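Take a look at the structure set out below.
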Amino acid sequence: MNDPLGEIREAIISAVKEVSPVPIEEVPLSRTPPGHEGHLGTPIGFKLAKKLGMSPEEVAERIASEMKLPSGVKRVTVMRGFINFEVDRDLLFRRVLELAIREELGRDGFFGRVIVEHTSANPVHPLHVGSGRNAVIGDTLARMLSYMGFDVDRRYLVNDSGLQMAYLVLGSTFSPPAPSDVKKDHWYGIIYASSNMAVMLREGKNVEEVRVNLEKLRSKNRELVDSVVEGVSKMDDPSAKLQELIRRYQSGDGEISHMFRRCAEEVLLGFKETLSRLGVIHDAFDWESDLIWSGLVRRTVERLSRYIGEEEGALYLDLHKAAEDNDVVLKVFGFSSLEKFKQSVPQKFFLTRSDGTWLYTATDIAYSCYKLEELKFDRCYNVVGAEQKVEQNQVRSSIALMGIDPDRLVHFSYEIVELTSGRMRGRMGTYLTLDELVDATKRRVEDLLRGRGMSDSEISEISDKVAVGAIRYALLAVDPNKVVRFDWSRVLNLNENSGPFIQYSYTRATSILRKAGSMPTSFNPSNLEEELEEELIFKIAEMPSIMRSSVDLMRPDMLIQHANEMALLFNRYYEKYPVLKAEDGVKEARMFLVAAFKGALGILMDLTGIPRLDRM
RNA sequence: GGGCCCGUAGCUCAGCAUGGACCAGAGCGACGGCCUUCUAAGCCGUAGGUCGCGGGUUCAAGUCCCGCCGGGCCCGCCA
């Protein structure tokens with residue numbers, strides 16, 4: 001890996017091997033605080049002191065004396081339990097800057113083939129801000145893996161064979177034809193919510209809430225809402241009709257298939273348009289119905305027949321029974337005792353309904369086999385909401401029972417985005433769409449840009465990029481394990497700690513280099529004497545290890561955090577030290593630093609999908 | 001009832017993976033400064049914290065362990 005600090009880590013690891021019987025895998029390596037010797041330090045002595053029965057100082061001394069001096073390091077000193085490294089500025093700085101300028105920092109060779117399955121929203125209503133979080137997290141993960149040397153396929157599972165789609169198809173039979181100028185995902189979203197709420201009303205569920213939300217929905221398109229609600233409420237038994245639709249679709253009924261596919265395809269077209277606005281693309285769309293029609297789902301489930309039971313015609317998988325036979329199930333769920341497992345995990349999950357139609361978990365198991373066995377990918381990341389953790393583990397258990405290593409299927413879990421008005425619900429039509437978010441953000445940026453002497457087309461182009469940067473930043477900046485409470489003022493914040501702040505910093509670097517005309521051919525790192533310069537270089541040098549952690553811990557927000565810190569440092573540097581007006585020698589060195597910063601930040605922007613731009 | 005996640009300035013969040021250089025950091029908001037000098041979407045400064053509470057482990061705990069409290073999610077023939 002192109003990691004300028006990698007050699008130091010390696011040196012510590014191999015020195016530890018000489019001293020300690022237990023090897024270590026990871027080394028904490030951080031900047032020494034002001035007033036201490038050296039540039040980088042590791043508290044390794046403290047870590048091993050107890051294990052080795054020595055004092056921290058003694059451990060550190062012994063490791064330090066065993067260590068082969070890594071290139072790029074001038075001196076190794078021991079301070080209590082810390083081992084500190086004084087780097088060879090000339091060598092290390094040059095290495096860091098060159099890697100950054102070439103934009104190779106953290107890049108690596110071929111590791112294997114992986115799938116990132118993300119977004120995969122049911123094609124029944126427009127993508128909302130929550131789906132947006134999924135999309136940008138998945139897309140960022142894919143970008144990171146690809147940069148780090150994996151062959152990545154971005155796939156979308158189209159859930160077109162379930163109850164949600166049936167609601168949409170049912171509703172659409174009562175809908176007037178869609179005007180050609182409306183975006184179909186938005187159109188169908190109204191139908192879907194109307195259809196759902198009409199059924200809820202008939203069944204007397206959540207009546208008050210439904211009335212309120214139905215009224216709100218009417219403000220979008222009264223005629224459409226009313227015709228769907230009226231049509232559904234006049235039916236004898238809408239639930240039976242929904243069941244019938246699913247049954248006929250899954251069995252491949254021609255007329256019904258046409259209806260399902262047409263709705264789903266039109267909605268997906270809208271999805272693709274929305275996603276492409278945010279720079280999100282997929283390599284493949286896999287249809288749940290194709291998995292069913294091809295017989296793959298049936299064949300896959302047959303492989304689990306030992307653990308399958310039946311209840312009123314519905315098939316289920318007995319996980320407790322499976323766990324008794326094979327403790328891989330326990331491992332998947334993270335339990336060590338069978339007893340505790342049985343207490344905490346539901347005994348069974350259903351694969352089919354009583355009428356024989358497949359449920360999502362069954363198709364998902366088949367899809368997992370398809371990805372790992374037929375397409376032969378080494379690993380598959382499923383970017384799926386945290387609330388589906390149990391389902392994901394059911395799937396992982398199932399493939400494990402078929403002899404597939406469950407660790408090849410990774411649940412990349414993320415939490416929901418909540419509006420101030422509460423949780424978004426597609427079936428109630430209470431969501432903020434991604435399109436609305438992009439539009440509003442773009443308008444906000446355009447307002448800011450007017451009166452700066454730019455052409456309309458320039459304003460439009462820049463505001464597109466800034467809006468995307470702002471949105472992707474806002475959705476990525478929070479630990480995926482945390483619920484995001486959506487806040488307009490935060491997304492529309494174009495100041496520090498935002499996408500535009502990163503972009504602004506990038507344009508400043510670009511601007512310096514543009515004004516300079518051409519890059520000097522060489523520079524002398526010893527002309528980079530300022531504390532801020534050193535800080536910035538180390539911040540850049542840390543990028544490869546941040547990238548690794550970000551992938552390993554499934555924390556794309558770490559990239560955002562790092563980009564923000566880099567921009568913060570660069571802006572301070574920019575204000576304090578002139579580049580083009582610096583004296584000879586210093587000027588060239590600073591230009592290299594600026595170019596390196598631009599390259600390094602550019603890498604992080606590419607990875608997080610915050611668009612690069614030269615002017616703003 | 002069981003399982004998982006979250007709890008750090010008024011607000012939004014980092015820091016917890018790998019305990020150590022942290023007398024706890026950003027941003028927003030508030031207040032006060034800085035545009036004849038590479039883009040002020042910026043920079044500098046001030047104010048603001050019993051790291052939910054209580055135990056424990058440790059030379060050392062925001063970080064690890066246990067218990068509790070508060071919030072969220074899951075425990076569907078939904079996805």
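The structure displayed is predicted, hence computed values, not measured ones. Below, chain A is the first sequence line, B the second, and so on; all start at residue 1.
- Other residues, nucleotides and ligands contribute only 12 or fewer heavy atoms inside 6.0 Å of the CZ atom of A/Arg80.
- Taking A/Asn393 as the reference, A/Arg396 meet the side-chain hydrogen bond (donor to acceptor under 3.5 Å, both in side chains) condition, with sequence neighbours excluded.
- Taking the six-membered ring for Trp and the full ring otherwise, the centers of A/Tyr192 and A/Tyr188 sit at least 6.0 Å from each other.
- Within 4.0 Å of A/Arg80, counting heavy atoms only, lies no atom of the nucleic acid at all.
- Looking at heavy-atom distances under 4.0 Å, A/Tyr574 makes contact with a base.
- Of the charged side-chain nitrogens involved, at least one lies within less than 4.0 Å of a carboxylate oxygen, so that A/Glu533 and A/Arg590 count as a salt-bridged pair.
- Set against B/C22, B/G42, B/A79, the side chain of A/Phe501 has B/G42 as its closest nucleotide.
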What does the list of N/O pairs under 3.5 Å between the protein and nucleotides 27-29 of chain B look like, with a distance for each?
from  : atom 1 : to       : atom 2 : distance (Å)
B/G27 : OP1    : A/Glu496 : OE1    : 3.2
B/G27 : O2'    : A/Glu496 : O      : 3.1

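- Between the CZ atom of A/Arg490 and the C1' atom of B/A26 there is a distance of 14 Å, given to the nearest Å.
- A search for side-chain hydrogen bond (donor to acceptor under 3.5 Å, both in side chains) contacts involving A/Asp614 returns nothing, not counting sequence neighbours.
- The shortest distance between the side-chain N/O atoms of A/Lys340 and the OP1/OP2 oxygens of B/G3 is below 4.0 Å.
- Using a 4.0 Å heavy-atom cutoff across all strands shown, A/Val478 reaches sugar-phosphate atoms only and no base atom.
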Report, one line per pair, each donor and acceptor closer than 3.5 Å where one atom sits in a side chain of residues 344-351 of chain A; sequence neighbours left out.
from     : atom 1 : to       : atom 2 : distance (Å)
A/Ser344 : OG     : A/Lys340 : O      : 2.9
A/Gln347 : NE2    : A/Asp318 : OD1    : 3.4
A/Gln347 : NE2    : A/Asp318 : OD2    : 3.3
A/Lys348 : NZ     : A/Glu311 : OE1    : 2.5

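- Remark: A/Phe592 engages A/Phe523 in a ring-ring contact (aromatic ring centres under 6.0 Å, His included) (not counting sequence neighbours).
- Going from atom NZ of A/Lys482 over to atom C1' of B/U8 covers 8 Å, rounded to whole Å.
- Put simply, CG on A/Leu476 is 14 Å from C1' on B/C13, counting in whole angstrom units.
- Counting non-hydrogen atoms of neighbouring residues, nucleotides and ligands closer than 6.0 angstrom, the CZ atom of A/Arg514 exceeds 12 such neighbours.
- Considering NZ of A/Lys598 and OG of A/Ser505, their distance stands at 12.5 Å, rounded to 0.5 Å.
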_For RNA chain B, the dot-bracket pattern of Watson-Crick and G-U pairs whose distances stay under 3.5 Å, | for other-strand partners_ = (((((((..((((......[....)))).(((((.......))))).....(((((..]....))))))))))))....
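- Base contact: A/Asn84 has a heavy atom under 4.0 Å from a base atom.
- Atom CD in A/Glu565 sits roughly 18 Å away from atom P in B/C13 (whole-Å rounding).
- Evaluation of the ring-ring contact (aromatic ring centres under 6.0 Å, His included) rule for A/Phe271 yields no partner, not counting sequence neighbours.
- Residue-level contact check: A/Lys576 touches neither bases nor backbone, having no heavy atom under 4.0 Å from any strand.
- Using a 4.0 Å cut-off, some side-chain N or O of A/Arg572 falls inside it from OP1 or OP2 of B/C44.
- Ring-plane geometry between A/Phe341 and A/Phe335 is classed as perpendicular, the angle between the planes exceeding 60 degrees on a 0 to 90 degree scale with a lower cut at 30.
- In terms of the salt bridge (Lys or Arg N to Asp or Glu O under 4.0 Å) criterion, residue partners of A/Glu37 (sequence neighbours excluded) are, by chain and number, A/Arg75.
- For B/C13, the OP1/OP2 oxygens have a side-chain nitrogen or oxygen of A/Arg485 closer than 4.0 Å.
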*Where along nucleotides 72-77 of chain B does protein come under 4.0 Å, by heavy atom, of base (B) or sugar-phosphate alone (S), with - for untouched nucleotides?*
-SSS-B
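- Along RNA chain B, the nucleotide nearest A/Tyr577 and the nucleotide nearest A/Phe46 are compared for position; the residue whose nucleotide lies closer to the 5' end is A/Phe46.
- Contact annotation for A/Asp487: no contact, since no heavy-atom pair falls under 4.0 Å across all strands.
- In this structure, A/Leu29 atom CG and B/G20 atom P are separated by 14 Å, rounded to whole Å.
- The aromatic rings of A/His128 and A/His125 lie parallel to each other, with less than 30° between the two planes, well short of the 60° mark.
- Residues meeting the side-chain hydrogen bond (donor to acceptor under 3.5 Å, both in side chains) test with A/Ser397, sequence neighbours left out: none.
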Look for any protein N or O under 3.5 Å of an N or O in nucleotides 65-71 of chain B and output each such pair with its distance, or none.
none

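- Between A/Asp584 and A/Lys587 no salt bridge is recorded (no basic side-chain N to carboxylate O distance below 4.0 Å).
- In this structure, A/Tyr360 reaches the bases: a heavy-atom distance under 4.0 Å links it to at least one base atom across the strands shown.
- Nucleotide B/G15 holds its C1' atom 10 Å from the CZ atom of A/Arg555, rounded to whole Å.
- Remark: A/Asp479 engages A/Asn481 in a side-chain hydrogen bond (donor to acceptor under 3.5 Å, both in side chains) (not counting sequence neighbours).
- Which of B/A41, B/C38, B/A79 sits closest to the side chain of A/Pro578 comes down to B/C38.
- Taking the O4'-C1'-N9-C4 or O4'-C1'-N1-C2 dihedral as appropriate, B/C69 has a value more than 90° from 0 and is therefore anti.
- Contact annotation for A/Asp160: no contact, since no heavy-atom pair falls under 4.0 Å across all strands.
- Spacing between atom CZ of A/Arg508 and atom P of B/C35 amounts to 15 Å, rounded to whole angstrom units.
- Between A/Arg452 and B/A41, a side-chain N or O to OP1/OP2 separation shorter than 4.0 Å is present.
- Both A/Ile462 and A/Gln243 sit near RNA chain B, but only A/Ile462 has its closest nucleotide nearer the 5' end.
- Residue A/Thr507 is classed as a base contact, given a heavy-atom separation below 4.0 Å to a base.
- Between the P atom of B/G25 and the NE2 atom of A/His562 lies a distance of 19 Å, rounded to the nearest Å.
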